[in-house]
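Per chain, numbering begins at 1; letters A, B, ... match sequence-line order.
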Amino acid sequence: MNVRRDYSNIFYKNFLREEYCMSQEIRVRFAPSPTGPLHIGGARSALFNYLLAKKNNGKMLLRIEDTDRERSSSESEENIKDSLKWLGINWDEGVDVGGEYGPYRQMERLDIYKKYIDKLLSEGKAYKCYCTEEELEKQREEQRARGETPRYAGCCRDLTPDQEEKFQAQGRRPVIRFRVPGGEIIRVDDAVRGKVNFESDGIGDFVIVKSDGIPTYNFAVVVDDHEMKITHVIRGEEHLTNTARQVLLYEALELSQPTFAHVSLILGKDRSKMSKRHGHTSVVQYRINGFLPEAIVNFLALLGWSPEGEEEIFTLDELIKQFSLDRVVKSPAVFDMEKLKWINGYYIRNSSIERIVELAIPFLQEAGYLDENVDEEKRQWVSMIVAAVRNRLSTVREIVDYMELFINDEIKPESEKALKELQGEQVSQVLETLLSKLQEAEDLEPENVKKILKSITKELKLGGRKVFMPIRIALTGQMSGPEMHDVIPVLGIEKVEKRISYVKENFLQ
RNA sequence: GGCCCGUUGGUCAAGGGGUCUAAGACACCGGCCUUUCACGCCGGUAACAGGGGUUCGAAUCCCCUACGGGUCACCA
């Protein structure tokens, strides 16, 4: 069903009113749990939220969902914030920057949740459950064995005060469960998927407060989104089924619901949810492998969303102008590394030399081609290399692969074919001429070298190939590569001399 | 397995019943440029999962099947 443009849909009318008429400020949030580095899929969710907010002059919030004390870490939180900033996704409210609906870390909001819990408890919409994990696990086993859907059986639904006392005396620490009403159809309105229905009977009474007193995700997220006046919840499709539970909570608490938008998953090459075995999954990994943030943003935006026109290259600002939720698709997208590399290469080619030099330096240091301290001379050197190889790079890191070409003076022809090129009868004359011309040259600027190269063909009355190929192979050993007039300036006269005499001794007839 | 979502070329995707003989991008192939390769430019191959309906007419609406995915925690 093509719900995206079903204007008769009441929900959609409301949505349009909000999005385009600004009767209400758009407030969105990205709410990661700090249990690992920012995932590429999370980054896309954050991006879509950000784009929707900025497009509508709304607010983007960053909330940290750290209720899993076992797995949450401040390193992960830092990683997530760093990655977001690196991508250019900033937040108007939230952790670190504050705001009037704080605090923005869930563990700092425990007293806020308590109010809502008490309300549910006193209205009988939630109850304490004393079952132990082992008991529940056993139950689930049995249900599975019988071919049933594992679900909480409701043992503690109607405990008498006596029973409760007994359990407490045993030292059992209760969880609090939400009493899921039976026989109801739960309707989830989703901006990308339309109306999705769930049966409440398919959902067991779920835990809203853990035995350590900390609320679970499904509960905290509802309270926070309400308290923080979130208008649109854009998140991954894996949350779609959770949304049913959350809707139940919104209803029980008598809170109005935000607009939900569940974006489909990003898949690996084998079409399963992207995970480590598909390669890099976190934003930092792309960063440390020489991807540019604007390339990642551009690429991610195109996964699941499409612009109206035919342009494919967008800056963040352009994306903000163009973005709209009704152009987000429902079907999952395979992460296409080839296209990412192409986009990245595009941005590398269109960046300034200086910027690529800055980005390249750490990779060159890591590979041992540069010391910790990079002086002006070295920087110049790198700059010439970047100029020579820039349009062949799809990641900045790849510059490392070209370094041997500029360093190692013991040139060996890469193949039989290359060797043959060196053994033509004109070769030694070509190399002699090149050498003397370079020695006499006023400078070795690329433009000048280009002229010199050209003049050799004229002077010796030789075809270009007979001149260029031997020089290329003598100087680099390879039959293809960056322009010779870019390579020679990097080498300098000394290295050219060295390489030519080495080749003469070893490979010329 | 239950529930939920999805299915247009190898991949991302446009598409709102006739204008679809189905856009664009990546990849691939060919040509031009460059006396190399790359970049750039031009061109080409390649798709509506299958079956039923509805309709004068379906990629588009409905149903079924198949396939893929997600989810069924005191994780988020």
Subject >> Sequence neighbours excluded, every pair satisfying ring pair (Phe, Tyr, Trp, His ring centres under 6.0 Å) that has a member inside residues 183-223 of chain A >> reply: F178(A)-F206(A), Y217(A)-H239(A)
Subject >> Distance under 6.0 Å and angle within 45° of ring axis: R465(A) vs F468(A) >> reply: no
Subject >> Contact check, side chains of E294(A) and L316(A), non-hydrogen atoms, under 4.5 Å >> reply: no
Original post:
Which nucleotides of nucleotides 35-44 of chain B have their base under 4.0 Å from a protein heavy atom (B), which only their sugar-phosphate (S), and which neither (-), written as one string 5' to 3'?
Top reply: BBBBSS----
Original post:
Base, sugar-phosphate, or nothing for G236(A), non-hydrogen atoms under 4.0 angstrom?
Top reply: nothing
Original post:
What is the distance, rounded to the nearest whole Å, between atom CG of D336(A) and atom C1' of G10(B)?
Top reply: 9 Å
Original post:
Which class fits the ring pair F167(A) and Y130(A): parallel under 30°, tilted 30 to 60°, perpendicular over 60°?
Top reply: parallel
Subject >> All stems with RNA chain B, defined as three or more consecutive Watson-Crick or G-U pairs under 3.5 Å >> reply: B:1-7 with B:66-72, B:10-12 with B:24-26, B:28-32 with B:40-44, B:49-53 with B:61-65
Subject >> Euclidean distance, atom CG of residue N298(A) to atom P of A25(B) [Å, nearest integer] >> reply: 15 Å
Subject >> N/O (side chain, K330(A)) to phosphate O (OP1/OP2, G6(B)) under 4.0 Å >> reply: yes
Original post:
Under 6.0 Å between the ring centres of Y347(A) and F291(A)?
Top reply: no
Original post:
Should the pair R29(A)-D224(A) be classified as a salt bridge under the 4.0 Å nitrogen-to-oxygen rule?
Top reply: no
Subject >> Lys/Arg-Asp/Glu bridge criterion (N-O < 4.0 Å) met for E77(A), R105(A) >> reply: yes
Subject >> Nearest-Å distance for atom pair CG/P, residues L302(A) and C12(B) >> reply: 12 Å
Original post:
In terms of the angle between their ring planes, are Y346(A) and W342(A) parallel, tilted or perpendicular, with boundaries placed at 30° and 60°?
Top reply: tilted
**OP:** Please determine if K412(A) and E414(A) form a salt bridge, counting it only when a charged side-chain N lies under 4.0 Å from a carboxylate O.
**Re:** no
Original post:
F335(A) or S331(A): which one's nearest nucleotide on RNA chain B is closer to the 5' end?
Top reply: S331(A)
Subject >> Contact state string [nucleotides 65-76 of chain B, B base, S sugar-phosphate only, - no protein heavy atom under 4.0 Å] >> reply: ---SSBSSSBBB
Subject >> Spacing of the P atoms in C3(B) and C63(B) (rounded, Å) >> reply: 16 Å
Original post:
Which pairs with one or both residues in residues 384-405 of chain A pass salt bridge (Lys or Arg N to Asp or Glu O under 4.0 Å), sequence neighbours excluded?
Top reply: E366(A)-R397(A)
**OP:** For T433(A), check side chain to side chain contact (heavy atoms under 4.5 Å, CB included) against everything at least two apart and list the hits.
**Re:** Q429(A), K437(A), I456(A), E459(A), L460(A)
